[in-house]
Number of protein chains: 2
Amino acid sequence: MIPIYLEIRSYMIKQIEKGRLVPGDKIPSERELVDLFKVSRMTVRHAIDQLVNDGILVRMVGKGTYVSSERLSTALNVLNSFSEDIIASGHSPSAKLISVEKTQTGNTISSLLRIDKSREVIKVERLRLVDGLEMAITTSFFPVSRALPLDELDFTATSIYRQIESLGLRIEKASETVTAEAADKRSAGFLRVKENSPLLKIIRLTFISNNVPIEYMEGLFRPDRYVISQELYRQGVR
Amino acid sequence: MIPIYLEIRSYMIKQIEKGRLVPGDKIPSERELVDLFKVSRMTVRHAIDQLVNDGILVRMVGKGTYVSSERLSTALNVLNSFSEDIIASGHSPSAKLISVEKTQTGNTISSLLRIDKSREVIKVERLRLVDGLEMAITTSFFPVSRALPLDELDFTATSIYRQIESLGLRIEKASETVTAEAADKRSAGFLRVKENSPLLKIIRLTFISNNVPIEYMEGLFRPDRYVISQELYRQGVR
DNA sequence: GAATTCAGGTGGTATAGACATATAGATATC
DNA sequence: GATATCTATATGTCTATACCACCTGAATTC
């Protein structure tokens, strides 16, 4: 069951995505939205609070609430799903589901996800391909909770991020750690490389609004088919 | 007249600043704060909402609200030399010069450095250590005579960046590619790892003003002693 | 015509209560 | 002793209402 305020939030985002609201437009007043959704004003405000916090809307006392015109942050470190990355580079991503299970997890992952370790998580293991060639194995852990109706997610589809976002949750940021690891027998089999060959290991913790973690992921990538690129800028003079 | 929720917010911040609440501590429950300030619970939540949004507090359903342990970094994509990175993380970097030679280079590197491949470059190979332990081998290529008096540089010193900057050149940015590679016999020997063990490979092209390339570097890092961390942010709506 | 007043709409703050869901520990059951 | 259930407490969602400060434009006054 998705909370009403997230429904309203989704609705607003869709209006903007579809172009029915463009930057600078005034959105319906809080009291109009109350009538539209048949909810209390506090609930409407809760939804708008989040969108304002995300910089999507701007409130003006006595005037109204408007779609933000400025897209703040020149977006250097852009968080994309792997599918989105692949598409952006002109290739075709796909995924094969290896396993899905509802399970518990150890101290490290549960504390990173900020859940009790007795809580269940959905563990999704997928083989990621680019242009039909094996690229990576990713193992994701999603905390089971009301806000995220995991049953409705299609893990064989490519972009889980997009699916989560279309549910009204806003993915905000991720922190990533990159290292190297030797392929064990199982990974080597899936990725069609020799055992012990070097793989790029990416560990990513993804957050929605309010710094709430929503996914812990470990990925093992074939270095010949996926590399990480980033631009670094020297900090001020001195 | 200051709103109550801002008073509560200030109160919490002061508690943290004075050290009466330290990261990891549980703050009073919402109902306790209601009693303490004699206000409604929604008002208390309003105050806490803001602090959670700022990343100062973390809410956990059924457990309580806690002072956030992670001080999210303000420095995003900061270009540091490896020495600077190591120092920032509280360790002690050093370097051993393996070789310096004036030579020519292949098409790839010369074109990245935007020089003719007949032009000479200085190739510097160094073993990088952290707290006296082998961490990486880096191979740098500097174009000869680009307002860069290479003779004056001390390649055994840790921070080449600092030396270059003290010559009046402003290092501006770098583009980095990260991948994984198996250790060959030579690298394995220097880094004291087994041959074919996985290493993190970082290729970095560094620029001074006007996008003039000044260094091409390839580094092979022991993944147990060096990892890359980065924060990624989701791009605006759509 | 220019200044003032006023009414209606907007977001801002705050209340008091209700029910839902998550956690942890005590208690009862097997 | 292990398992299940209950209970108290935590945050999460939502309602219905009230009054405030602010902005705008129309009506009123000068």
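Naming: A, B, ... by sequence-line order, numbering from 1 per chain.
- Between the CD atom of E32(B) and the P atom of dT9(D) there is a distance of 10 Å, given to the nearest Å.
- Phosphate contact (OP1/OP2 of dT10(C), side-chain N/O of S29(A), threshold under 4.0 Å): present.
- In this structure, R59(B) reaches the dG12(D) phosphate: one of its side-chain N or O atoms is under 4.0 Å from OP1 or OP2.
- Remark: R45(A) is not in phosphate contact with dG11(C), judged by side-chain N or O atoms under 4.0 Å from OP1 or OP2.
- Taking atom CE of residue M60(A) and atom P of nucleotide dG11(C), one finds them 11 Å apart after rounding to whole Å.
- The NE2-P distance, from H46(A) to dG12(C), rounds to 15 Å in whole Å.
- The nearest pair of heavy atoms linking A183(B) to L199(B) is CB-CD1, 3.5 Å.
- Across every non-hydrogen atom of I214(A) and F142(A), the tightest pair is O-CD2, 3.5 Å.
- With respect to R128(A) and E134(A), no salt bridge is recorded, no charged nitrogen being found less than 4.0 Å from a carboxylate O.
- Geometrically, K123(A) does not engage F141(A) in a cation-pi contact, judged by NZ or CZ lying under 6.0 Å from the ring centre and within 45° of the ring axis.
- Ring-plane geometry between Y5(A) and H46(A) is classed as parallel, the angle between the planes falling under 30 degrees on a 0 to 90 degree scale with a further cut at 60.
- Atom CG of L51(A) and atom P of dG11(C) are 13 Å apart (whole Å).
- Atom CG in D49(B) sits roughly 14 Å away from atom C1' in dA14(C) (whole-Å rounding).
- In this entry the distance linking CG of L6(A) with P of dC14(D) reads 8 Å, nearest Å.
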In B/S/- notation (B base, S sugar-phosphate only, - none; protein heavy atoms under 4.0 Å), nucleotides 15-21 of chain D written 5' to 3' is BB-B---
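- Residue K26(A) contributes atom NZ, which lies 14 Å from atom P of dC23(D) at whole-angstrom precision.
- Between the side chains of T139(A) and E218(A), not a single donor N or O lies within less than 3.5 Å of an accepting N or O.
- For K63(B), there are no salt bridge (charged side-chain N to carboxylate O under 4.0 Å, His left out) partners at least two apart in sequence or on another chain.
- We find that CD of E30(B) is positioned 16 Å from P of dA22(C), with the value rounded to whole Å.
- Between K63(A) and the phosphate of dC22(D), there is no side-chain N or O to OP1/OP2 separation shorter than 4.0 Å.
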